[in-house]
Amino acid sequence: MSSALLSIRDLVVEFSTERGRVRAIDGVSFDLAPGETLGLVGESGCGKTVTALAVLGLIPSPPGRILSGSIRLEGRELTRLGEREYRHVRGKLISMIFQEPMTALNPVLTIATQMTDVLVRHQGMSRRRARDRAVEMLALVGIPSPEKRIDDYPHQMSGGMRQRVMIAMALSCNPKLLLADEPTTALDVTTQAQVLEEMVRLQERFGTAVILVTHDLGVVAETCRRAVVMYAGRVVEEAPVECLFEQPRHPYTEGLLASIPRIREEKLPELPTIPGSVPDLLHLPPGCRFADRCPRADELCRRREPKLELRCDIAVACHHPNRYAGCRE
Amino acid sequence: MNRSRERTSLWAKAWYKLRRDRIGMISLGVVLLYFVVALGVWLGLWGQGWSQVEGPMWAPPGPKYWLGTNIIGQDIFERALYSTRTAFDVGLVVAVLSTLLGGLMGGLAGYFSNRWADELILWLMGVLDAIPFYLFVAALAYALQGNPYAMHIAMIATFWTTTARLVRGEVIKLKQFEFVEAARAIGLPRRLILFRHILPNTFHILLVQATIVFVGAIKSEVILSFLGLGVTDGVSWGLMIAESTQEVQAGHFSNFVTASSFLFVLVMAFNLFADALQDALDPRKVSA
Amino acid sequence: MEMLQYALRKLITGIPLILGVTLISFLLMVYFGPDKTYDLIGKNATPEQIAEIRHQLGYDRPFLTRYLEYLKELVTLDFGYSDSTGERVSSILKRTIPISLALVLPGFVLGNLLGIALALAAAWYRGRWLDKLIMGGSVVGMSVSFLIVIIAFQILLSSNYGLGWFPVRGWNVYDFGDYLRYVTVPTLATVFVALGYNTRFYRAVFVEEMGRDHVRTARAFGTPPAELLFKHVLKNALIPIITRIMFSIPFVVISGALLIESYFGIPGVGLVTYDAITTGDQPVLKAVVGLTAALFVLVLILNDILYKVVDPRVSLK
């Protein structure tokens with residue numbers, strides 16, 4: 001995949017804590033094609049957000065650091081960029097939308113200031129032109145009377161509005177890659193759908209590639225073509241979304257899918273859940289990290305960690321994956 | 001209730017963290033050393049010759065007078081030792097009593113938040129914070145007609161407010177917790193709820209505040225004694241510094257340097273210890 | 001208009017505070033304070049003479065009357081005459097307050113500005129050696145008594161045993177050059193002492209602010225360090241900064257000036273207060289306490305109005 005827009009290889013991010021060093025992500029690899037939407041899925045604490053922050057070079061340091069691995073954007077190695085060079089990547093080539101719209105915008109600056117600052121910085125626009133462009137962007141994300149609302153402070157807007165502002169700001173410099181970290185989790189259900197739709201529409205219009213970080217498989221099904229499933233800092237499965245939903249190969253993915261409530265299906269006596277919880281990253285088992293919670297785990301799983309193996313567009317890290325059912329391709 | 005088990009584990013964790021904090025432990029050692037010195041003075045083991053006028057004026061440091069003598073021939077080292085006791089007298093009395101008062105008032109205000117008792121206590125705190133400290137001490141000294149504890153009382157009366165504000169905030173937070181609701185639901189009397197269930201959970205605040213007040217009291221004593229509003233019988237580092245100002249003008253620095261160094265090392269150690277204690281007890285850091 | 005209304009309403013809520021402060025200080029200083037009858041009277045006074053003096057001093061009137069009189073004095077700013085010098089209290093204050101302001105202001109401003117600058121540096125390099133250096137320095141600064149700093153700076157900078165560059169004590173200021181010569185050592189001492197506490201406080205504020213989501217957002221959009229620090233961190237941290245600065249004003253003016261002025265023999269309001277304390281000059285003490293309380297309430301109001309200016313989320317209700 002040399003045509004990849006973003007290519008992450010064997011990325012390891014380590015945090016030093018009071019109780020010792022912890023690898024929040026440990027050997028993560030995946031690729032992203034230009035304009036593609038990729039879902040990054042997993043329970044909280046599995047390293048999704050850390051992966052996104054690593055791409056932007058925003059791992060809080062100290063205590064965190066990128067220990068090894070590479071992140072390439074159009075072939076350019078990002079992990080070796082200096083702070084000054086990285087600033088020209090952030091917001092211009094790669095943008096990010098955060099989970100909490102209530103706190104992600106600066107409360108004491110107007111929307112106009114925050115948006116024009118970015119445009120002036122990265123596009124070299126005059127303040128007036130930047131403002132026009134910002135109004136245009138706000139209109140695009142569906143904010144009514146944007147030329148008025150642009151002078152609002154964030155607290156004068158609803159959560160959904162603010163998240164639209166974030167999307168407008170993130171796409172204002174026409175970046176190649178958008179990192180969306182649980183962009184709709186904090187919103188109420190009806191707003192969630194609208195904001196998601198807005199995001200997808202604009203992403204298609206601008207041809208931006210998106211990494212959608214989420215724990216919500218429903219969102220992935222609606223918006224993504226491919227998904228990467230992470231567990232305890234590692235990729236356990238990567239597959240086209242249709243395959244993932246039709247025939248998940250990793251037992252963890254299977255468990256995740258089974259725990260989504262489905263409206264139309266007959267009522268189950270009880271919603272299945274995955275027993276246990278994510279292992280303590282400080283005391284990882286020697287074998288497969290999912291072994292303790294896996295119905296299929298045996299001696300081999302507890303002894304040796306499975307490698308991520310690629311077969312016909314589907315990669316899975318499991319000693320006993322579900323049978324390969326054969327996707328359409 | 002498993003709340004109490006939670007509390008013990010918090011203390012165990014805090015102690016574990018504190019023990020591993022090298023600076024914190026060294027400073028605790030220094031504070032304890034000072035405490036031993038003060039204890040020795042109380043027990044009459046040393047520092048008893050602080051008021052004897054027997055040496056020559058401004059004797060240089062030597063085997064007889066370790067740190068020399070002052071303007072009227074008193075042994076500076078003896079005086080500095082005795083002053084350690086004075087500092088602990090002031091520090092302990094003020095820290096313990098003002099912390100108790102602050103805990104009590106803060107607890108009441110927090111428990112009855114937004115009721116008249118709370119309003120009254122808040123008003124009192126505002127008033128006490130608005131009176132300039134030195135004036136308050138002076139006024140109390142007059143009102144108490146030269147009582148040697150006027151300074152102590154003034155410090156206690158003003159230092160409790162910070163503690164009370166912190167405890168009030170914490171109590172308002174604790175009131176929402178289930179264990180308090182549960183205690184109320186089974187009909188425990190208010191007094192019992194406040195003293196058995198709420199205030200013990202603010203102990204970590206009280207402990208840190210007590211160390212901070214201790215430092216504040218020692219530092220204030222020095223300035224008040226210098227201004228003639230503080231220690232009236234005995235000797236203190238503040239009084240030593242006050243008498244040293246004349247000596248300094250004549251080029252004799254031993255009295256000044258001795259008192260300053262004794263004071264500085266103790267305050268520094270206490271500050272560092274208070275920091276370490278705060279770090280160790282910070283629940284956010286414990287769980288991190 | 002909205003602001004004026006707010007200020008007036010706030011002023012009314014400040015009245016209980018002023019009443020409390022004046023009541024407590026009046027009780028302590030005047031009612032339980034020293035009886036001056038025998039200072040003003042000869043040795044073999046007749047009972048009539050004693051009664052006459054007590055009447056003049058107002059000792060024979062009920063407490064409430066005397067307290068209300070004090071309040072009237074406070075409202076009209078007319079506190080009568082000093083017991084020890086016989087000068088009008090209001091003219092004493094008019095003469096001495098400007099001196100104290102000129103003395104204390106540079107140190108106050110510098111102490112806060114430098115504290116903010118050092119705290120920004122420490123917070124930016126959190127956990128690195130510069131942070132540790134600055135924080136170590138501020139613990140040392142916090143641990144040295146103000147008194148020791150004053151004396152040490154005087155020895156080092158003003159006396160013959162040190163550099164001897166500045167006057168040892170006094171305040172003979174006739175032009176700006178004089179002012180600089182007399183104000184330097186007290187200012188340096190004030191800055192040194194204030195810096196430890198200020199830096200620590202401001203660093204904690206900045207560290208908290210830097211951990212906020214919106215700062216991460218700003219970084220994610222490539223905001224350069226200077227803009228990040230001043231436009232995002234500092235601007236958002238203004239409320240605790242303003243609170244600290246505003247609330248230290250009444251104490252810097254009285255308590256800070258008191259120690260410096262009595263040590264350096266500078267004729268400001270601090271020295272006047274100190275003399276009033278040692279001689280029991282009640283009219284002066286009453287004036288100082290009452291005015292400090294009033295200043296405190298003013299600061300409370302101004303503080304809230306400044307909140308409104310720096311933070312659009314604050315509404316004056």
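Values reported hereafter were calculated over all heavy atoms of this structure, with side chains retained and with hydrogens, waters and symmetry mates removed. To find a chain, count down the sequence lines: A is the first, B the second, and so on, and within it residues start at 1.
- C:Y125 OH: 12 or fewer foreign heavy atoms inside a 6.0 Å radius.
- Note: C:T217 leads C:D311, C:T217, C:L238 in heavy-atom pairs under 4.5 Å with chain A.
- At a 4.5 Å heavy-atom cutoff, the contact between C:V310 and chain A is made by backbone atoms alone.
- Minimum interatomic distance between A:R90 and C:R219 (heavy atoms only, all atoms of both residues): CD-O, 3.1 Å.
- Note: A:D181 CG to C:R216 CZ = 7.0 Å, rounded to the nearest 0.5 Å.
- Of all the listed residues (A:G57, A:P154, A:A170, A:S95), the one sharing the greatest number of non-hydrogen pairs under 4.5 Å with chain C is A:A170.
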| task | Let me see the working for A:Y153 and C:R313 under side chain to side chain contact (heavy atoms under 4.5 Å, CB included), right down to the final yes or no. | result | CA-CA 8 Å; A:Y153 287 96; C:R313 286 168 299 178; over 6 Å; no
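- Scanning residues 97-127 of chain A against chain C with a 4.5 Å heavy-atom cutoff picks out A:F98, A:E100, A:T103, A:A104, A:L105, A:N106, A:P107, A:V108, A:L109, A:T113, A:D117, A:V118, A:R121, A:H122, ordered by number.
- Counting heavy-atom pairs closer than 4.5 Å to chain C, the top-ranked of the candidates A:M169, A:H88, A:M96 is A:M169.
- More than 12 heavy atoms of other residues, nucleotides or ligands lie within 6.0 Å of CZ in A:F206, so this atom counts as buried by the packing criterion.
- Counting heavy-atom pairs closer than 4.5 Å to chain A, the top-ranked of the candidates C:K231, C:H214, C:E227 is C:H214.
- Contact of C:R126 with chain A is made through the backbone alone, with heavy-atom distances under 4.5 Å.
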